[in-house]
2 protein chains.
Amino acid sequence: MRGNLFAVAVDLVILTVRDGELSTLLVRRGVPPFAGEPGLPGGFVLPHEDLLDAAVRELVEETGLTITGHHLEQLASFAAPGRDPRGRVLSVGHLALVPDLPEPQAGSDAVVSAWHPVAAVEGLAFDHDRILAEGVERARAKLEYTTLAATFCPPAFTVSQLRRVYEAVWGTELDPRNFQRKVTSTPDFLIPTAETVGTGRGRPAQLFRRGAATSLYPPMLRGD
Amino acid sequence: MRGNLFAVAVDLVILTVRDGELSTLLVRRGVPPFAGEPGLPGGFVLPHEDLLDAAVRELVEETGLTITGHHLEQLASFAAPGRDPRGRVLSVGHLALVPDLPEPQAGSDAVVSAWHPVAAVEGLAFDHDRILAEGVERARAKLEYTTLAATFCPPAFTVSQLRRVYEAVWGTELDPRNFQRKVTSTPDFLIPTAETVGTGRGRPAQLFRRGAATSLYPPMLRGD
DNA sequence: CCAAAAGTGTTTATAATACACCCATGC
DNA sequence: GCATGGGTGTATTATAAACACTTTTGG
């Protein structure tokens, strides 16, 4: 074939909304290079494994999440010469959107992982700052025209919870009343359940599940 | 490092609009595997080369195009086991949008290349049907919210030419009068030149150049 | 003059925004 | 009762869509 061979890794930008902030799961690396420094979870693709399968495997190893119902997509590949001191490594970045989860367990490689607000993250190993930035940008863009925001919510959720996702990801405030009408009038976005839930004060809110809709026309946010 | 190494290639979905049809540049492969069969232009990444540089190099080799002013972006990576009979090969698909060009020269590898309407393409080598499909899907999606349609046009073009790009890529008809107002009222989309050009019958049209705008809010096409 | 394409003005329908107001709960 | 968040109705404003109409060329 050719002599210029690459090791191929997958790295994961795993996003969630915690305490009103868009957050990502980072690991503290246990082995060189960059041992002890924070980075994205990831690892090498196995000999007979496809890329998405490798990403699913890493996601499970790092978070204990089975992928069912969660969103996982390929982001982009990064292969600049010198991005890994060990040699030629191509990394295929992936983007996962998950509901707010309990603080993760220590991974199988005994690496420590934890959630960090993306606004405060910098100085990651390799070119992971850039991969994270592309993941965040993609997530923001997709919220505008898709129903993906619901993947940040638990299986059953209220309109307010969904609104807080948009507000956290975009750093904006949305009118609760107009937001309500917008999402409930989008066909197949939200499936009402019979239950309601009372969260402290105020009228109890109706619970919804994700509908089958994937695209959102017209967009959730106009102009700039 | 690890024993599971990959060869890494770049493949190009090069799109243009010719005779009112969205078309792509295909090569007839000169060497095995799939010798004699059609496929996307592409080749292996060199030892000290980044992905985009490899894609630019292949674009020049296949079309003689220098990239200046043209659009080239990474699409996605494909690495399913068995996608290449020679062994483990990861291909990073790229998407290029170019103006209507003269029929390309024979490439340096003596491969024959030619434009084909995407609607009629199937049976490409490797998984290139799928890469092409993703490229076309991406191009269609991006036209909705960006000013990228202008990259299909020559340096100076009329509003009609631009409209025919949208009509070809989407297979729709657009009202010439509303389209005119839409694009001319989007700030920094079109820069008017002093010249006009008469194309056969009818009033001569004003010529424009691409402006600096990249995004288009609200979108060019609503609903479905 | 006529046909054809470029370009403008105006009307109508639809959707976003703003916000007044009612509902249902905890205290 | 009163505060709080859930949810509905309605007026205002902006935008898209439809289309009548004028402009400028070639024949």
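Values in this document were obtained by computation on a predicted structure and should not be read as measured data.
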For [Y], does its backbone N or O pair with a side-chain atom of [X] as donor and acceptor, under 3.5 Å?
{"X": "B/Thr16", "Y": "B/Val98", "answer": "yes"}
{"X": "B/Trp170", "Y": "B/Arg140", "answer": "yes"}
{"X": "A/Asp175", "Y": "A/Arg177", "answer": "yes"}

- prompt: Which pairs pass side chain to side chain donor-acceptor pair (under 3.5 Å) with one or both residues in residues 200-214 of chain A, sequence neighbours excluded?
  reply: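 As it turns out, the side chain to side chain donor-acceptor pair (under 3.5 Å) pairs with a partner in residues 200-214 of chain A, which skip direct neighbours, are A/Thr147-A/Arg210.
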- request: Please collect all side chain to side chain donor-acceptor pair (under 3.5 Å) contacts where either partner lies in residues 180-198 of chain A, sequence neighbours excluded, each pair once.
  value: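 The answer is A/Asn178-A/Arg181.
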field: Members of residues 180-196 of chain A that approach DNA chain D, where some heavy atom sits under 4.0 Å away
entry: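 DNA chain D contact set from residues 180-196 of chain A: A/Gln180, A/Arg181.
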query: What parts of residues 149-179 of chain A reach DNA chain D, counting only heavy atoms under 4.0 Å away?
result: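 Under 4.0 Å from DNA chain D: A/Ser160, A/Arg163, A/Arg177.
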I'd like a table of donor-acceptor pairs (distance under 3.5 Å, sequence neighbours excluded) in which one partner is a side-chain atom from residues 155-166 of chain B, with atom names and distances.
from: B/Thr158; atom 1: OG1; to: B/Ser160; atom 2: N; distance (Å): 3.4
from: B/Thr158; atom 1: OG1; to: B/Gln161; atom 2: N; distance (Å): 3.1
from: B/Gln161; atom 1: OE1; to: B/Thr158; atom 2: N; distance (Å): 2.9

query: Quick one: side chain to side chain donor-acceptor pair (under 3.5 Å) partners of A/His94, sequence neighbours excluded?
result: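 Result, side chain to side chain donor-acceptor pair (under 3.5 Å) vs A/His94: none returned.
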field: Set of side chain to side chain donor-acceptor pair (under 3.5 Å) partners for B/Arg130, sequence neighbours left out
entry: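 Side chain to side chain donor-acceptor pair (under 3.5 Å) list for B/Arg130, sorted by chain: B/Glu134.
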query: Considering only heavy atoms, which members of residues 202-209 of chain B lie under 4.0 Å from some atom of DNA chain C?
result: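 Heavy-atom contacts with DNA chain C come from B/Gly202, B/Arg203, B/Pro204, B/Ala205, B/Gln206.
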- request: List for me each residue that meets salt bridge (charged side-chain N to carboxylate O under 4.0 Å, His left out) alongside B/Arg83, sequence neighbours excluded, and say none if there are none.
  value: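 Counting only residues at least two positions away or on another chain, B/Arg83 forms a salt bridge (charged side-chain N to carboxylate O under 4.0 Å, His left out) with B/Asp127.
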task: With sequence neighbours left out, write down each residue that passes ring pair (Phe, Tyr, Trp, His ring centres under 6.0 Å) with A/Phe208, or none if nothing qualifies.
output: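 Counting only residues at least two positions away or on another chain, A/Phe208 forms no ring pair (Phe, Tyr, Trp, His ring centres under 6.0 Å).
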message: Under a 3.5 Å cutoff, is there a donor and acceptor pairing between the side chains of B/Asp11 and B/Ser91?
response: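 Indeed, the side chains of B/Asp11 and B/Ser91 share at least one donor-acceptor pair under 3.5 Å.
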task: Name the first nucleotide and the last nucleotide along DNA chain C (5' to 3') that come under 4.0 Å of a heavy atom in chain A.
output: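 Boundary nucleotides touching chain A, in 5' to 3' order, are C/dA15 to C/dG26.
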message: Going by side chain to side chain contact (heavy atoms under 4.5 Å, CB included), name the residues that satisfy it together with A/Glu137, two or more places apart in sequence or in a different chain.
response: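 Residues passing side chain to side chain contact (heavy atoms under 4.5 Å, CB included) with A/Glu137: none at all.
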